[in-house]
2 protein chains.
Amino acid sequence: MRNPQRPVTLDHVDRRLLRALAGDAGVTNKALAGRLGLAESTCAYRIRALREAGVVTGARAQLDLALLGYPLQAMIKVRLGSHTMANVSQLYDALAATPGVLQAFHVAGADDFYLHVAVENAEALRDFVLRHVTSHRVVRQTETHLVFEVRPGAGVLGD
Amino acid sequence: MRNPQRPVTLDHVDRRLLRALAGDAGVTNKALAGRLGLAESTCAYRIRALREAGVVTGARAQLDLALLGYPLQAMIKVRLGSHTMANVSQLYDALAATPGVLQAFHVAGADDFYLHVAVENAEALRDFVLRHVTSHRVVRQTETHLVFEVRPGAGVLGD
DNA sequence: TGTGAAATATAACGCTA
DNA sequence: TAGCGTTATATTTCACA
């Protein structure tokens, strides 16, 4: 690991490696090396270096949420009535830890949090909001928007 | 692969496997089997079955965006002036493919898209909005909110 | 960059409950 | 049907030249 504040300098090969790994972390070193025209040993070395530098922080499996029985997604905007540090961070912890929450964004503006959630159906969504969001005293208002679709973006390195 | 519409039935072991893989896709089969108390052959078999069932769709490396030089994140709400199918899907394609976009949400409500983006600094954020969002004719209005922090949620399986 | 040894993954098999 | 243990083969990883 390195100083997490100072940006790392990457060359073109690093960028291509990161792009490839961001798209498919399961790719084998052999395949990657072949695709980029590197020796396998070199490719493995650079990937390890990127990991040790902290640029690659881990890998997560992507799940088909609909197949798992959670075909409905929503974005829930949460607005607080009180913004003491303790209130905000405690609620943030609680919301992020609630099953069904895919991501919790703490944002600036009129709303405080955006919760991206996946649920079984409309009824489960209503229950989620009532039981796990508005049930917190500090929550003053919520606004729930159905998510038609989520797409992975090009990312900071482009595609 | 299976019929992508019909939910799969998972037992408790499958759930634990998916939770583990969602948190760290890089874990070795040996370690996973040991942790869950399975034979390595059984563990490998079940993981492959989950993959073939389409439950696990892939794996993505997580990058430290600040270390890469993109320490600033924002959520940009995008509202269109015309909602023909062609307009919407074409803009969606263009926005998702724009470098800097981490995720693009197509949502119901007054706003049409939420763009989660990462940029170098405030100036880059302004340029992003002007050059890649409001430059599209069909975009009527945008609203940009700084993202203080993003947390991975517990996910549909809990943590 | 290349090499080689150790660790690991993969896939197939038969056996069992 | 699912789990287990065992094979053999392929692949990855890592230290070193």
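The chains referred to below are lettered A, B, ... by the order of the sequence lines, with proteins before strands, and numbering in each begins at 1.
Taking each heavy atom of B:Leu91 and B:His136 in turn, the nearest pair found is CD1-CG, 3.4 Å. Heavy-atom minimum distance, B:Leu67 versus A:Ala53: CD1-O, 3.3 Å.
Using a 4.0 Å heavy-atom cutoff across all strands shown, A:Ala44 reaches no nucleic acid atom at all.
For the pair A:Val117 and A:Leu125, the minimum side-chain heavy-atom distance is below 4.5 Å.
Rounded to whole Å, the distance from CD on A:Glu40 to P on C:dG4 is 14 Å. When the P atom of D:dC4 is taken as reference, atom OH of B:Tyr45 falls 13 Å away, rounded to whole Å. The distance between atom CG of B:Leu38 and atom P of D:dG5, rounded to the nearest whole Å, is 10 Å. Between the CZ atom of A:Arg51 and the P atom of D:dT12 there is a distance of 14 Å, given to the nearest Å.
Counting only residues at least two apart or on different chains, the salt bridge (Lys or Arg N to Asp or Glu O under 4.0 Å) pairs with a member in residues 97-118 of chain B are B:Arg79-B:Asp111. Within the structure, every pair that satisfies the salt bridge (Lys or Arg N to Asp or Glu O under 4.0 Å) test and touches residues 139-159 of chain A, not counting sequence neighbours, is listed here: A:Lys77-A:Glu143, A:Glu149-A:Arg151, A:Arg151-B:Asp93.
There is a path of hydrophobic side-chain contacts, each under 4.5 Å, that joins A:Leu146 to A:Ile76. A:Leu38 and A:Leu10 fall within the same hydrophobic cluster, where Ile, Leu, Val, Met, Phe, Trp and Tyr residues are linked whenever their side-chain heavy atoms come under 4.5 Å apart, directly or through other members.
Taking a cutoff of 4.0 Å between a charged side-chain nitrogen and a carboxylate oxygen, A:Asp24 and B:Arg60 do not qualify as a salt bridge.
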Tell me, for nucleotides 12-17 of chain C in 5' to 3' order, what letter each nucleotide earns: B for a base near a protein heavy atom under 4.0 Å, S for only sugar-phosphate near one, - for neither?
-> ------

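Residue-environment remark: CZ (A:Phe148) exceeds the threshold of 12 foreign heavy atoms within 6.0 Å.
Of the N and O atoms on the side chains of B:Ser82 and B:Asn87, at least one donor lies less than 3.5 Å from an acceptor on the other residue.
Hydrophobic cluster membership for B:Val150: A:Met75, A:Phe105, A:Val107, A:Tyr114, A:Val147, A:Val150, B:Met75, B:Phe105, B:Val107, B:Tyr114, B:Val147 (Ile, Leu, Val, Met, Phe, Trp, Tyr linked by side-chain heavy atoms under 4.5 Å, directly or transitively).
Within residues 27-36 of chain B, the residues approaching DNA chain C are B:Thr28, B:Asn29, B:Lys30, by heavy-atom distance under 4.0 Å. Residues from residues 12-23 of chain B placing a heavy atom under 4.0 Å of any atom in DNA chain C do not occur.
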